[in-house]
Amino acid sequence: MKDQLYIYNTLSRKKELFKPLIPERVGLYVCGPTVYGDPHLGHARPAITFDLLTRFLTHLDYKVRYVRNITDVGHLENDADEGEDKIAKKAKLEELEPMEVAQYYTNRYHHYMGMLNVKDPSIEPHASGHVIEQLEVIKSIVDKGYAYESNGSVYFDVKKYDENFPYGILSGRKVEDLISNTRILDGQSEKRSAPDFALWKKAAPEHIMRWPSQWSEGFPGWHLECSAMSKKYLGDQFDIHGGGMDLLFPHHECEIAQSTVDNGKIPARYWMHNNMITVNGQKMGKSLGNFITLEEFFTGNNKNLEQAYEPMTIRFFILQAHYRSTLDFSNAALQAAEKGFDRLRQAMANISKINALDKSSVDIAIFEQNCYAALADDLNSPVLIAHLFDAVKTINSLIAGTQSITQTDLMQLNRLMNLFVTDILGLDVSIDQNNGNDDKLHEVMDLLLQVRNDLKDKKDWATADKIRNQLNDIGFEIKDGTTSATWQLK
RNA sequence: GGUUCCUUGGCCGAGCGGUUAGGCACUGGUCUGCAAAACCAGGUACGGCGGUUCGAGUCCGCCAGGAACCUCCA
């Protein structure tokens, strides 16, 4: 199984067999959030995608070191020459220390990712805590002659790089095109050429986030933190680099250029990019202002939401699409996901009600094989889920008595459902908190249903229906069986 | 303008040359006092036009429409 995982590599634009540099170990670096705003649905996608990846790799017995950064410096707005740091800008706006802003949104990010059942990475380095490492990378690049100083700032020399290395191998861009297609250069530009990018930026007097360096008091450039921190925690070269497709260019391209000069090799061997979540076919994003925060999804407090959605509905919704496809948000799609997930969750709870027989009409081995094959095929979670729904049908049929299963197969079925649904897809199917874990409530409900049963025996349908309807209004779903009834909270 | 990619049934979404993806919704049946749930059954879609092939949503070309990136963005 381990030697059959195929991953789509953006570098080659092909699915490739995954082979780690060091057997049994995987080094994974994923671009995390810039903490200057509340986490929205778009942030959930890479978090869940790479959570699925680490869960699966871990299941395959790899020892995974998962590094996901927190960007709390850098990421200039507008043109580099007049850019303003996003965190600093927000801080000024809210009259806070920049670190207060970063801390606040970092906490929020952690909280909501936790609700989505996203496991913490092994290391979560902050850019602000790695300025020294970033300065070292700059020095290394300057020493090798691929960067130049200009007015206290340091820029990466893309033209020179392109003479000796393949600039654009990830995004397919050509330097000449970049030069000719860039808008008219700012007259005061400190850059020699349009595609050059800042490694170090001299701070304007009003700029509050600043560190000393041999060039100026300033701050590190956009793309540097990932080069510096991946090197520190994963080495000169590691296995997988992940992030959103919108980071492909220029961020990851620049990262490759920096690290290649610094270490003499491309930093990661497999580059994975998750696609965007869209709203009406358009990317959900901070700048477009069409994003819905996770808090809003969970409370329903947004004009575009018809209702609140549970975190697991959101997770299921995202996993129902392949990570490399765009996923269009709509209430209808989310409501469909909610119902589908509920059916899956219900079936999971019902496995315990199945009676084993001495013969199986179901083939568990094929089911298992199908599930693994789906995951091994570039993490095809929608196909995996399709197979899981086949199992749901099987479970329901077993309860309905139209199929049979042996004790051995039943245990295997139970194990596999838990493995794929809970452990690997990370879907929390527990319905405890939702089902009233109050013993007294159970007793009262049982009493009520017993009374109703007596009414039914007397053919007092009016009163029996009244009880059922009103319980329904309160939020209890009543399912009548042939002899007794069961209930659950909706 | 450049680079990359997408267009599948009522909706969401798989599919990588040849047999039903799956979910939601819908229709009929079974069960039920009636419902609900569940089970059984049902609808045959692939933007347009050419081409390759015994055979094409699936490969190639052209056209139409859309998206992402080329400024920060997951």
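Predicted model, so just to flag it, every value in this text is computed and none were measured. Numbers restart at 1 for each chain; the letters A, B, ... are given by sequence-line order, proteins then strands.
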Chemist: Taking N and O atoms by type only, does the side chain of Asp480(A) place a donor or acceptor under 3.5 Å from a partner on the base of C34(B)?
Modeler: yes
Chemist: Mind checking what makes salt bridge (charged side-chain N to carboxylate O under 4.0 Å, His left out) contact with Lys15(A), not counting sequence neighbours?
Modeler: Asp377(A)
Chemist: Quick one: list whatever passes salt bridge (charged side-chain N to carboxylate O under 4.0 Å, His left out) with Asp390(A), sequence neighbours left out.
Modeler: none
Chemist: Which glycosidic conformation, syn or anti, is assigned to G65(B) if syn requires a torsion within 90° of zero?
Modeler: anti
Chemist: Going by salt bridge (charged side-chain N to carboxylate O under 4.0 Å, His left out), name the pairs with one or both residues in residues 274-292 of chain A, residues two or more places apart or in two chains.
Modeler: Asp246(A)-Lys283(A)
Chemist: Taking atom C1' in both C69(B) and C26(B), what distance in whole Å separates the two?
Modeler: 40 Å
Chemist: What nucleotide, of G33(B), C24(B), C70(B), holds the atom closest to the side chain of Leu178(A)?
Modeler: C70(B)
Chemist: Name all residues meeting the salt bridge (charged side-chain N to carboxylate O under 4.0 Å, His left out) criterion together with Asp409(A); count only those two or more places apart in sequence or in a different chain, and write none if there are none.
Modeler: none
Chemist: The side chain of Gln320(A) is closest to which nucleotide in this list: C69(B), G23(B), A38(B)?
Modeler: G23(B)
Chemist: Looking only at side-chain atoms of Ala321(A), point me to the closest of G33(B), G13(B), U4(B).
Modeler: G13(B)
Chemist: Run through RNA chain B and report every stem of 3 or more consecutive Watson-Crick or G-U pairs, distances under 3.5 Å, ordered by first number.
Modeler: B:1-7 with B:64-70, B:10-12 with B:22-24, B:26-30 with B:38-42, B:47-51 with B:59-63
Chemist: Can you find a side chain N or O atom of Thr34(A) that sits less than 4.0 Å from OP1 or OP2 on A74(B)?
Modeler: yes
Chemist: Going by salt bridge (charged side-chain N to carboxylate O under 4.0 Å, His left out), name the pairs with one or both residues in residues 101-110 of chain A, residues two or more places apart or in two chains.
Modeler: Asp38(A)-Arg108(A), Arg108(A)-Glu295(A)
